[in-house]
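What follows is a set of notes on a single structure, which appears directly below.
So that the names make sense, note that chain A is the first sequence line, chain B the second, and so on, each numbered from 1.
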2 protein chains.
Amino acid sequence: MGASKTDSFSVEQNEIANLFKALSHPARIAIVDYLLTVDTCICGDIVEVLPLAQPTVSQHLKELKNANIIKGTIEGTAICYCINPAIIDKIENHFGVIRQKLRNKCC
Amino acid sequence: MGASKTDSFSVEQNEIANLFKALSHPARIAIVDYLLTVDTCICGDIVEVLPLAQPTVSQHLKELKNANIIKGTIEGTAICYCINPAIIDKIENHFGVIRQKLRNKCC
DNA sequence: TTATTATATTGCAATATTACGATAAAACAA
DNA sequence: TTGTTTTATCGTAATATTGCAATATAATAA
């Protein structure tokens, strides 16, 4: 076949997998990194920072937006991007739960 | 083209992206979930738990092993799987750094 | 030795992702 | 209006991922 058997897994498992999928490309990690290097939101210079063509960057930004990892607000001709802190909390919490469960185990 | 432009990004960005890629499929999330539901390591019943054929499960386990997220030790005819706590720490730390940086920002 | 059991690998088809040129759309300036 | 700038979308080629039947391998049991 080729397509993931999404229906065979829980909503939670699919949700967290999709979050990780959004972060599973170095260009998208680089975008998040860049948004974190500056003190404010970034208006319209993301394309210049990445070693990729503009349509490719736009596509990566779209995936990060769809995963709710970044938010974009229109600001004149440019678009201002910000990281969504709630999603970072969610992922961090996911690993916190894993850590808790690992404490009760031995390997 | 089609292939990721891996060389254009830093080693760190590729590393963390590969970690997330290993966790970007619901079957692999389900495997990690399952390994966490029991108190000890699991010897040879992962295939029965997942709604996928044995070769597919084997492939997903291989990807988790390659990403260093789980470890497998041969135990007779079966293989015992465990989560690697160090990797969980690494990912959790990654988000801890992000959270710290987010504190200095406004959106 | 021959079974049996558990896991891995091979090969392939279906689908998804990545990248980018060309083009469109949206907002503003002159 | 026309031009400029910025971002999005379309179309398509190259590559990667997913899933599984068939088969191979490895360890033990009889």
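When the nucleotides C/dA19, D/dA27, C/dT15 are ranked by their closest atom to the side chain of A/Ala3, C/dT15 comes out on top.
Following rounding to the nearest Å, B/Leu61 (CG) and D/dT18 (P) show an atom-to-atom distance of 13 Å. Distance CG (B/Asn66) to C1' (D/dA16): 15 Å, rounded to an integer number of Å. Distance A/Glu63 CD to C/dA19 C1': 12 Å, rounded to the nearest Å. The separation between B/Gln59 atom CD and D/dA22 atom C1' is 15 Å, rounded to whole Å. If you take CG of A/Leu64 and P of D/dA8, they are 12 Å apart, rounded to a whole angstrom. Distance A/Ile31 CD1 to C/dA19 C1': 13 Å, rounded to the nearest Å. D/dA16 atom P lies 14 Å from atom CG of B/Asn14, rounded to whole Å. In this structure, A/Ile29 atom CD1 and C/dT18 atom P are separated by 12 Å, rounded to whole Å.
Looking at B/Glu63, its side chain never comes within 3.5 Å of a backbone N or O of B/His60 through a donor-acceptor pair.
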Quick one, B/Tyr34 with B/Asp45, criterion side-chain hydrogen bond (donor to acceptor under 3.5 Å, both in side chains). Give me CA distance, side-chain angles, the key distance, then yes/no. CA-CA 10 Å; B/Tyr34 181 61; B/Asp45 54 352; 3.1 Å; yes
Listing time: all N or O pairs from protein to nucleotides 4-7 of chain C that are below 3.5 Å?
unit_1 : atom_1 : unit_2  : atom_2 : d
C/dA6  : O4'    : B/Thr77 : O      : 3.3
C/dA6  : O3'    : B/Thr77 : O      : 3.4
C/dT7  : OP1    : B/Ile79 : N      : 3.3

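Using a 4.0 Å cut-off between charged nitrogen and carboxylate oxygen, B/Glu15 and B/Lys90 count as a salt-bridge pair.
Relative ring orientation between A/Phe20 and A/His94 is described as perpendicular, the plane-to-plane angle rising above 60° on a 0-90° scale split at 30° and 60°.
Counting any heavy atom pair closer than 4.0 Å across all strands shown, B/Glu75 reaches no nucleic acid atom.
The shortest distance between the side-chain N/O atoms of A/Thr56 and the OP1/OP2 oxygens of C/dC20 is below 4.0 Å. Between B/Lys21 and D/dA16, a side-chain N or O to OP1/OP2 separation shorter than 4.0 Å is absent. OP1 and OP2 of D/dT7 both lie 4.0 Å or more from every side-chain N or O belonging to A/Lys62. Between A/His60 and C/dT17, a side-chain N or O to OP1/OP2 separation shorter than 4.0 Å is absent.
Looking at B/Leu35 and B/Ile46, their side chains come closer than 4.5 Å, going by heavy atoms from C-beta outward.
The side-chain hydrogen bond (donor to acceptor under 3.5 Å, both in side chains) search around B/Asn93 returns none, not counting sequence neighbours.
Tested against B/Arg28 for a side chain to side chain contact (heavy atoms under 4.5 Å, CB included), the candidates B/Leu23, B/Val57, B/Leu64 yield a single pass: B/Leu64.
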